[in-house]
Amino acid sequence: MPPIDRRTLRRFAWFVLLAAAWLLLIVAGRGAGTAKAVSYDVFEIALSQGRVERVQATDTLLIGHLWEKEGGYTDLTTVRVDPALAARLDRFKVPYEQVPDSLVGRFIAWIAPTALLVALWYFMMRRTSGSGGLGGLMGVGRSNAKVHVENDTGVTFDDVAGIDEAKAELEEVVQFLRHPQEFGRLGARIPRGVLLVGPPGTGKTMLAKAVAGQAQVPFFSISGSEFVEMFVGVGAARVRDLFEQARQRAPAIVFIDELDALGRARGLGGGWTGNDEKEQTLNQLLTEMDGFDTSAGVVMLAATNRPAILDPALLRAGRFDRQVLIDRPDRTGRNAILAVHARKVRLDPATRLDDVAALTVGFSGADLANLVNEAALAATRRKADFVAREDFVVAIERIVAGLEKRHRVLNAKERERVAWHEMGHALVAIAQHGGDVVRKVSIVPRGVGALGYTLRSPLEDRYLMSRGELEARLAVLMAGRAAEVLVFGDASTGAADDLAKATDIAADMVSRQGMDAALGNVAYERQAMPPFAFGDGGPHAANGASEDTRRRIDEAVRRLLGRAFDDATRLLRTHRADLDRCARALLERETLDEDAILVLAPGLRDLRTDEAVETT
């Protein structure tokens with residue numbers, strides 16, 4: 001449940017004060033002003049003496065108009081007593097009276113039930129309408145968009161690095177918001193909508209905020225899921241309200257994050273009928289974008305990492321005219337992103353961020369921000385004055401391989417098998433021509449189930465791989481099991497993850513990339529969506545291959561994996577002495593890097609064609 005805001009607290013406090021004042025007035029009004037309060041028996045005596053001329057009765061009080069001997073009148077007031085009780089007490093000739101309830105008791109009796117009902121109503125309204133106040137039911141159709149004006153975003157293009165092409169695309173939007181007349185000079189118009197597409201963590205939301213901060217205009221930010229509530233028609237009403245607010249505050253930017261939650265293609269998934277609330281909301285968004293006048297100075301931005309499931313009507317010309325891809329940064333981009341985040345930490349002057357960028361192939365902007373923070377924490381734990389390169393290395397290992405589990409003690413046989421398994425990976429990786437650099441080999445358990453790990457990384461960013469390079473990668477993956485079989489005579493469950501990764505690579509080579517001569521240059525499967533649509537890899541869709549063809553694909557995959565296993569076994573058998581020597585050193589030291597391995601196995605150095613090895 002969201003926290004109660006100050007305005008709601010003030011309203012509730014005023015309500016309680018007014019209720020208390022009202023109760024006091026009622027209690028006071030039921031008195032007799034200047035009337036003299038007496039016990040009930042005294043009032044009865046005055047009645048029996050005939051001194052009371054008239055009596056006023058309320059639910060709880062009796063007020064008598066009394067004639068005094070000295071002349072003049074006075075009023076007596078008493079609390080009423082049940083007549084039967086009064087008759088019984090009169091026989092004992094003792095004074096008696098009924099004590100009225102205290103003001104506190106009356107207050108609780110009157111206010112507590114009312115306050116309970118008000119609290120229950122308030123809670124139900126917040127739960128059902130989500131608008132966060134006593135006026136929740138009346139505000140279900142209002143937009144929940146958070147407005148950031150000028151410096152409220154706190155982000156400009158100076159804070160966004162590593163995506164220079166995307167920044168250049170959005171520079172036009174900033175210039176239009178600042179100088180709209182210049183763009184209409186030759187009849188051109190700014191795109192009605194700009195869709196930011198890319199994997200999670202690449203900076204889509206930050207870039208949208210930077211556009212608003214750079215242009216210094218109001219920034220309306222809302223998530224696609226916030227439009228849909230339990231009430232039918234609420235989503236459409238909120239869309240109308242959001243666009244109306246933007247027009248009133250123009251020039252402005254409307255940003256919808258996670259657009260796929262709102263703009264999922266109609267007809268995908270169950271329950272999408274003509275009366276579905278999500279579909280009504282999407283239809284209203286399409287209608288509002290059709291009536292969007294770009295000359296009014298309102299620009300529509302949206303972000304998604306699942307563009308393939310968006311409704312085609314959203315992506316047609318006239319709505320989201322421009323799509324900007326924000327991909328994971330290359331080495332230059334990573335260097336720039338690290339420089340931005342390193343401003344917030346005390347960096348060792350000897351640390352070169354370009355070296356750190358070389359260690360982080362495949363990291364997104366969010367990953368790099370987390371890396372800098374983890375490195376700062378590592379430096380803090382070791383009581384250092386600055387964040388050094390070694391702290392970044394520790395942070396990378398923590399992010400990639402997981403947290404060290406030194407309390408997970410392996411027995412002697414398990415440690416030996418893990419050592420030879422990991423050293424098998426390392427030696428075959430080092431022996432590959434121009435292969436990945438072996439950053440570290442360790443038998444210290446990490447993460448959820450890793451009993452050891454071999455940390456490898458490429459020499460440079462790669463966008464294409466040849467068949468030979470893929471086969472070399474298969475050999476490295478199969479080398480751990482090959483080392484176990486060669487040394488211990490059988491395999492263990494430790495290679496399960498290696499087998500899964502190798503099978504995926506081999507299946508892609510055969511069924512998607514046409515790398516089997518017998519099957520020909522045919523793609524028997526296609527990737528249903530971009531890699532970032534459902535995470536790395538994405539689902540594959542069959543392309544109508546026959547059952548016989550599927551069988552031949554399976555046989556080709558087995559051949560590739562079998563050949564990779566044989567290649568790894570052959571290399572390790574040739575260098576068996578190096579394997580045993582390095583594995584024993586790993587058992588003793590627990591961690592080795594490539595330089596240490598090459599000292600123990602100098603014969604592997606000649607297998608590399610590239611001596612200028614960069615560590616990653």
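FYI, the numbering just counts along the sequence from 1.
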Could you check if a side-chain atom of [X] sits within less than 4.5 angstrom of a side-chain atom of [Y], using non-hydrogen atoms only?
X	Y	result
F157	L207	yes
I163	P329	no
L359	F392	no
T332	D164	no

State the [atom1]-[atom2] distance between [X] and [Y], to the nearest 0.5 angstrom.
X	Y	atom1	atom2	value
L353	I337	CG	CD1	12.0 Å
L195	M300	CG	CE	9.5 Å
E397	K440	CD	NZ	3.0 Å
L259	L301	CG	CG	11.5 Å

Answer yes or no: is there an ion pair linking [X] with [Y], defined by an N-O contact shorter than 4.0 Å?
X	Y	result
E469	R473	no
D497	K501	yes
D516	R559	yes

Quiz item: Run the side chain to side chain contact (heavy atoms under 4.5 Å, CB included) check on V239 and L282 step by step: do they pass?
Solution: CA-CA 9 Å; V239 171; L282 174 58; over 6 Å; no
Exercise. Take D367 and S364, measure what side-chain hydrogen bond (donor to acceptor under 3.5 Å, both in side chains) needs, and give me the verdict at the end.
Key: CA-CA 5 Å; D367 295 332; S364 67; 3.0 Å; yes
Self-check item: Under the side-chain hydrogen bond (donor to acceptor under 3.5 Å, both in side chains) test, residues paired with R352 that sit two or more places apart
Solution: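 R352 satisfies side-chain hydrogen bond (donor to acceptor under 3.5 Å, both in side chains) with D355 only.
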Practice problem: Quick one: closest heavy-atom pair of L371 and A395, and the distance? | Solution: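 Looking at all heavy atoms of both residues, the shortest contact is CD1-CB, 3.4 Å.
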Self-check item: Over 12 non-hydrogen atoms of neighbours within 6.0 angstrom of CZ in R319
Solution: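 Yes, CZ of R319 has more than 12 neighbouring heavy atoms, counting only those of other groups under 6.0 Å.
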Practice problem: Identify the residue among D391, V393, V387 that makes a side-chain contact (heavy atoms from CB on, under 4.5 Å) with R389. | Solution: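 For R389, the side-chain contact (heavy atoms from CB on, under 4.5 Å) check succeeds only for V393.
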